[in-house]
Student: 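This is the structure, below, for whatever I ask next.
Quick note on labels: first sequence line is chain A, next is B, and so on, each numbered from 1. The figures here come from the full heavy-atom set of this structure, side chains too, leaving out hydrogens, waters and symmetry mates.
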Amino acid sequence: MKTSTRIESLSQHIGQEVELKGWVSNKREGKGIAFVILRDGSGYCQCVVTEESAGAEALAEATKLSLECSVILTGTVLADEKQVGGVEVQVNSLTTVGGSENYPISKKEHGVEFLMDQRHLWLRSARQWAIMRIRNTIIFSIHKYFQEQGFVQMDAPIFTGNACEGTSTLFETDFYGDPAYLSQSGQLYGEAMAMALGKIYTFGPTFRAEKSKTRRHLSEFWMIEPEMAFYDIFQNMDCIEGMLQAVVKDVLANCQEELKTIGRNTAVLESSLGAFPRMTYDQAVRIIKGEENVNGVNSIASLEEELAAKQAELAQIEAQIAEKEEQLKEPGLKKGQMNFYQSKVIEFKQIKSDLEEELRNIPQWIESARTFEYGNDFGGSDETVLTRLFDRPVMVYDWPHEVKAFYLKRNPEDTRFARGVDVLAPEGYGEIVGGGERETDVDMLIGKIHEHELPMEAFEWYLDLRRYGSVPHSGFGLGLERMVTWVCKLKHVRESIPFPRMYGRLTP
RNA sequence: UCCUCGAUAGCUCAGCUGGUUAGAGCGAGCGGCUGUUAACCGCUAGGUCGUUGGUUCGAGCCCAACUCGGGGAGCCA
């Protein structure tokens, strides 16, 4: 018996006999023939079982297969351009390894709650398979980029003793009788490590106890936090841009099949390989408020145009729903036609509810853009108003120091501003990276710690970093799941991580 | 914590302004047809309408509270 072959490499075995091990992701059958769509984790392949090639017994076995049965089969690889991957396998023998009765996830649509309850099985679906493969490519690519640039990977602790930025967003645990909190950032430790190793990055889990129920929040997520000695904010932005582009490039190079599986239009990913626009907070505010155009496009005018377009689209979809519902009432309708019209109605209603949501949002965005108060941090709608004018991530730097973290350096030429930088992803995804140049002046830091009413004793070690050989340094934090969500253009972060932990969701 | 929408069969949904025995498709089971790609044809099984209380001659539908879930605000990656 030959060693088994992975589906992803079948195209190199055309004309040969191979052994495949996997699960039944779909099956169709006819008289004297059965089509088994096998998946093995590396890909999907149609396996054809006929009486002539496999014998009556194997055909009977194939006919009995249900969704997600595990099987081992042997067969001949044939080129077939109609199939995914360009091949199909003519089966010679087939053995069932494990049965699978009443597999809960069907080929039809399911609701979010049901799928989340079945997450351990949902991961087997083609769409989830593709997302997890892209996530893996992104993780690998991040490591590769930093390693090639001479960064050292070092992890920050997960238990932290002091509630550095307020306890409300921290998970409290018991650490040998004392309260300890799960880390919500390794950044301060990253600074210490950068003073030791020059350029470092952390890659670890982060915990936020926010009772957020939105499409971009998780209670547990993975964050990459690089920290670089002797980098100013502009070198920091070069680093962010270089890393994000390396990741996008790797995904485009290695995940074409996965991107196709999830229906991702890659135009924006491709344009993201070009230089990212960089702008100060001041300029970003002018753009949001419609006082400055981007390539001739005005933020507010274009929102109003979009509103009108969406309203027309809504009227159209409503007409289509009415039409299909009318057709459903026709007497003597065949079962198949009824099924078709019904699934169309469901599909259109989904589009309709999405449209209605956008129609509720756009006026709020316009309102929020018009009334934006200079000096405030950006809200979700402000980010959307800004980023929809670009076809790639945008970097906004030099923020009013009051709205940013205590450790950010002031712009020496205008101390109203702190040298923070936010990277906002396009297509409505908002902040994926937050970072900046760090404050090096001890007195300035002490003042800030008092201003934020933080416990000074907890920061003594951090202040030491400025007392002994302080240097300009910068860093940033990348939210892995937000990156995956944008690259895959997912509607919600919960699909970007194998087992999401979020408000109201702890199992499976 | 606040705003908003929702909870009807294993799944996805319908159920008009409260009115007799609550419907469909998918899935499941059985049978027929078919080199097929979630949409061929027929039959069968399957529901104390989220929980509790209230209004009413009568509640899936109205009211209140609660539980769970979707979306959003705040906060952020």
Student: If only side-chain N and O atoms of A:K213 are considered, is one of them under 4.0 Å from the OP1 or OP2 phosphate oxygen of B:G72?
Tutor: no

Student: Does any nucleotide pair with B:G69 by Watson-Crick or G-U wobble geometry, both distances under 3.5 Å, and what is it?
Tutor: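 Base-paired to B:C5.
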
Student: If I pick the C1' atom on B:C16 and the same atom on B:G53, what distance separates them, to the nearest angstrom?
Tutor: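 Here B:G53 and B:C16 have their C1' atoms 28 Å from each other.
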
Student: A:K64 NZ to B:G29 C1': how many Å, rounded?
Tutor: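 Atom NZ in A:K64 sits about 17 Å away from atom C1' in B:G29.
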
Student: Kindly assign one of parallel, tilted or perpendicular to the pair A:W399 and A:Y281, based on the angle between their ring planes and the thresholds 30° and 60°.
Tutor: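 Ring orientation, 0 to 90° scale: tilted.
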
Student: How many whole angstroms separate atom CD of A:Q90 from atom P of B:U36?
Tutor: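 My rounded result for the distance is 15 Å.
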
Student: Look at all strands and tell whether A:V493 reaches a base, only sugar-phosphate, or nothing, counting heavy atoms closer than 4.0 Å.
Tutor: nothing

Student: So what does A:E88 touch, heavy atoms closer than 4.0 Å: a base, only the sugar-phosphate, or nothing?
Tutor: base

Student: Please state the P separation for the pair B:U55 and B:A22 - nearest whole angstrom.
Tutor: 25 Å

Student: Any strand is fair game: report the nucleotide pairing with B:C75 by Watson-Crick or G-U wobble, both distances under 3.5 Å, or none.
Tutor: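 Check on B:C75: unpaired, no WC or wobble geometry under 3.5 Å.
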
Student: Taking A:K448 first and then A:E439, would you say they form a salt bridge - that is, a charged N and a carboxylate O separated by under 4.0 Å?
Tutor: no

Student: Does a nitrogen or oxygen in the side chain of A:R482 sit under 4.0 Å from OP1 or OP2 of B:C76?
Tutor: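 For A:R482, the contact criterion (side-chain N or O under 4.0 Å from OP1 or OP2 of B:C76) is not met.
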
Student: Side chain of A:R494: nearest nucleotide among B:U37, B:C76, B:G70?
Tutor: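 Among the listed nucleotides, the one closest to the side chain of A:R494 is B:G70.
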
Student: Scan A:G504 against the nucleic acid and name what it touches under 4.0 Å (heavy atoms): base, sugar-phosphate only, or nothing.
Tutor: sugar-phosphate

Student: In whole Å, measure the gap between the P atoms of B:U56 and B:A9 for me.
Tutor: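 Each nucleotide's P atom is 30 Å from the other's.
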
Student: With no hydrogens and no angle check, is any side-chain donor or acceptor of A:D117 less than 3.5 Å from a backbone partner on A:F114?
Tutor: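 Side chain of A:D117 to backbone of A:F114, a donor-acceptor pair under 3.5 Å: no, none is there.
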
Student: For B:G50 and B:G42, measure between their C1' atoms and round to the nearest Å.
Tutor: 36 Å

Student: I'd like a table of atom pairs between the protein and nucleotides 2-10 of chain B - only N or O on both sides, under 3.5 Å - with the distance next to each one.
Tutor:
none

Student: How long is the line joining CD of A:E113 and P of B:C68, in whole Å?
Tutor: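 Result: 11 Å.
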
Student: Test A:S185 against A:E225 for side-chain hydrogen bond (donor to acceptor under 3.5 Å, both in side chains), laying out the working first.
Tutor: CA-CA 8 Å; A:S185 167; A:E225 293 184 285; 3.0 Å; yes

Student: Closer than 4.0 angstrom, basic N to acidic O: yes or no for A:E227 and A:K199?
Tutor: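 Salt bridge flag = no for A:K199 with A:E227.
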
Student: Mind checking the P distance from B:A28 to B:U21? Whole angstroms is fine.
Tutor: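 The same atom, P, in both gives a distance of 33 Å.
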
Student: What's the gap between B:U36 and B:C11 when it is taken at their P atoms, as a whole Å value?
Tutor: 33 Å

Student: Look through every strand shown and name the nucleotide pairing with B:A14 as Watson-Crick or G-U wobble, where both distances are under 3.5 Å.
Tutor: none

Student: How long is the line joining CG of A:N361 and C1' of B:G72, in whole Å?
Tutor: 8 Å

Student: Is it the case that the base of B:G74 and the side chain of A:S212 share a donor-acceptor contact (distance under 3.5 Å, atom types as modelled)?
Tutor: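 Indeed there is one.
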
Student: A:I432 or A:K491: which one's nearest nucleotide on RNA chain B is closer to the 5' end?
Tutor: A:K491

Student: What contact category does A:E481 fall into here, base, sugar-phosphate, or nothing, at under 4.0 angstrom with non-hydrogen atoms?
Tutor: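 Nothing, no nucleic acid heavy atom in range.
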
Student: How long is the line joining CZ of A:R505 and C1' of B:G69, in whole Å?
Tutor: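 One finds 9 Å between C1' of B:G69 and CZ of A:R505, rounded.
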
Student: Would A:F35 pass as stacked on B:G35, i.e. its ring centre under 5.5 Å from the base's six-membered ring centre and planes under 30° apart?
Tutor: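 Not stacked: fails the 5.5 Å / 30° test.
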
Student: Among B:C76, B:G35, B:A28, find the nucleotide with the atom closest to the side chain of A:R216.
Tutor: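 Taking heavy atoms from C-beta onward, the closest nucleotide is B:C76.
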
Student: For B:G47 and B:U1, measure between their P atoms and round to the nearest Å.
Tutor: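 So the two P atoms sit 38 Å from each other.
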
Student: Check whether any side-chain nitrogen or oxygen of A:R127 sits under 4.0 Å from OP1 or OP2 of B:A38, and answer yes or no.
Tutor: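 Checking B:A38 against A:R127, no side-chain N or O comes under 4.0 Å of OP1 or OP2.
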
Student: With a 3.5 angstrom cut-off on both distances, give the Watson-Crick or G-U wobble partner of B:G47, or none if there isn't one.
Tutor: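 Checking every strand shown, B:G47 finds no partner, since no pair has both distances under 3.5 Å.
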
Student: Can you tell me how far P of B:A28 sits from CD1 of A:I105, to the nearest Å?
Tutor: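 Between P of B:A28 and CD1 of A:I105: 14 Å.
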
Student: Using a 4.0 Å heavy-atom cut-off, does A:L480 contact any base of the nucleic acid, only the sugar-phosphate backbone, or nothing at all?
Tutor: nothing

Student: Verify whether one side chain among A:E220 and A:T206 offers a donor that lies under 3.5 Å from an acceptor in the other.
Tutor: no

Student: Would you compute the distance between atom CZ of A:R135 and atom CD of A:E258 and round it to the nearest 0.5 angstrom?
Tutor: 15.0 Å

Student: Please determine if a side-chain N or O atom of A:H110 lies less than 4.0 Å away from the OP1 or OP2 oxygen of B:C26.
Tutor: no

Student: Quiz question: by atom type and distance under 3.5 Å, do the side chains of A:S474 and A:Q235 form a donor-acceptor pair?
Tutor: no

Student: Rounded to the Å, how far apart are A:W365 CH2 and B:G72 P?
Tutor: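 The distance from CH2 of A:W365 to P of B:G72 comes to 10 Å, rounded to the nearest Å.
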
Student: Are the aromatic ring centres of A:F499 and A:H120 under 6.0 angstrom apart?
Tutor: no

Student: Taking atom C1' in both B:U8 and B:G35, compute the distance separating them and give it to the nearest angstrom.
Tutor: 41 Å

Student: When the ring planes of A:Y44 and A:W129 are compared, do they come out parallel, tilted or perpendicular, using 30° and 60° as the limits?
Tutor: perpendicular

Student: Give the nucleotide from the list B:A77, B:U36, B:G72 with an atom nearest to the side chain of A:H217.
Tutor: B:A77

Student: Without decimals, in angstroms, what is the distance between A:D382 CG and B:G72 P?
Tutor: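 The answer, rounded to whole Å, is 16 Å.
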
